[in-house]
Amino acid sequence: MKSHTSNHLFESAKKLIPGGVNSPVRAFRSVGGTPFFTKRADGAFLYTADEERLIDFVCTWGPAIHGHNNPTIHKAIQSALENGTSFGTPNPYEVEMAQLLKNIVPSVEKVRMCNSGTEATMSAIRLARGYTKRDKIIKFAGCYHGHVDSLLVQAGSGALTLGNPNSAGIPESFANETIVINYNDTQALNEAFQKYGASIACVIVEPFPANCGLILPKEGYLEELRSITKKHGSLLIFDEVMTGFRLALGGVQELVNITPDLTAMGKIIGGGLPVGAIGGKAEIMDHLAPDGPVYQAGTLSGNPLALAAGIASLKKLIEEAPYHSLEMLGKRMQDALSSVAQEQGIPLQVPQVGSMFALFFNETPVSNFPEALQSDTDLFSRFFKEALQRGVYLPPSAYETCFISTAHEASAIDEAIDSLTQAIKAL
Ligand SMILES: *Cc1c(COP(=O)(O)O)cnc(C)c1O
């Protein structure tokens, strides 16, 4: 793979930007090597600064469910742009977006827009604390909820990859309010509530944890979360920043028919521009300022360009309902990779749901964070490089989820399966 221009840019970037990147996992630290710079993206493909074409399974970390630079979204942004970039007053897109989210997401009666997934989870936690007048929260080991202070405790994603799931710079007193337990562990959940029940404001969970690979709930586990939080007067927060609109229009809550009190959203609702949202029961949401005492705000929240892109993205999902065909693509990927690994005697688990799949080089299926950590990350790094050399871009970390877009249909998926099959054979 040609990398002259990218390498040159990265040398300059390192002098100007910490680690040369604006989000740590992009630096390729856990897989080794130098990141490529992208000049342009279209459909299922990234085009690097060195004019290489890559089939992309990162999809800008989730948002690009319609593929890159989708013409409908492109036009929506263009036409919003005619009217200006930001007003600082209410605008009509905000009402349309709120109505769409209320129609689509089961838990949403009211919704507040913000600018990232991190803002959404941060505000959801503050709202839960303000509403319940309690301080403690429960999160699960390996779940990533953005870089919120009280949530960067045993976090997944880039934090995990870089070996600091517990970030520096967070006062111990903050972290002490966060109780961390293993996902899928019913006993630990019961014990935490026995001990701290009356002071637990909320449980926040990625309903299908997907920032330490991809982990699926054991039968009945999400139901247990719902019933135990209800019993103790704690709120249940689903962080659907990644799974929302991706696995079903209404997210995991629609798939499993469990309604959380609050939902954090992001990624797909921005159509590739920076958007997040917190939604939930009106009675709880009304505790946000200016109606209530919990402060939450944003200079660019509800930005017309970002919402035009997001609305276009959601409407396209409503019209096209691509979930079945995306599931077929995901299944094909899983089948192809599992079978070639088996044939080669390589221990590989490929958990998959809809258009998400992950690669654990592991003898046994993974049901929680400690098991995920037992995967062979060196083997993943080698696989990542073999794939990249063959024109396929996988997430540059053993603990990230791969995403498929509707633009991967037809030739891109066939080509990718071919290349990844060869990459596994080369290990
Ligand atoms: C990506 C992600 C976030 C953070 O969103 P940002 O827009 O990066 O701040 C939060 N929660 C989950 C589950 C995510 O996947």
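One-based numbering, in listed order, for ligands and for the atoms of each. The structure displayed is predicted, hence computed values, not measured ones.
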Show your working on side-chain hydrogen bond (donor to acceptor under 3.5 Å, both in side chains) between Gln296 and Arg126 and close with a plain yes or no. CA-CA 9 Å; Gln296 198 282 332; Arg126 184 183 307 137; over 6 Å; no
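- Here the side chains of Val108 and Met265 are in contact, with some heavy-atom distance below 4.5 Å.
- The aromatic ring centroids of Tyr399 and Phe380 lie 6.0 Å or more from each other.
- Protein residues with a heavy atom closer than 4.0 Å to ligand 1 are Ser116, Gly117, Thr118, Tyr144, His145, Gly146, Glu206, Asn211, Asp239, Val241, Met242, Lys267, listed by chain and number.
- Within the structure, ring-ring contact (aromatic ring centres under 6.0 Å, His included) pairs that include any residue of residues 209-245 comprise Tyr183-Tyr221, Phe193-His232 (at least two apart or interchain).
- Within a 6.0 Å sphere centred on NZ of Lys315, other residues, nucleotides and ligands contribute 12 heavy atoms or fewer.
- Side-chain N or O atoms of His68 include none that pairs as donor or acceptor with a backbone N or O of Leu46 at under 3.5 Å.
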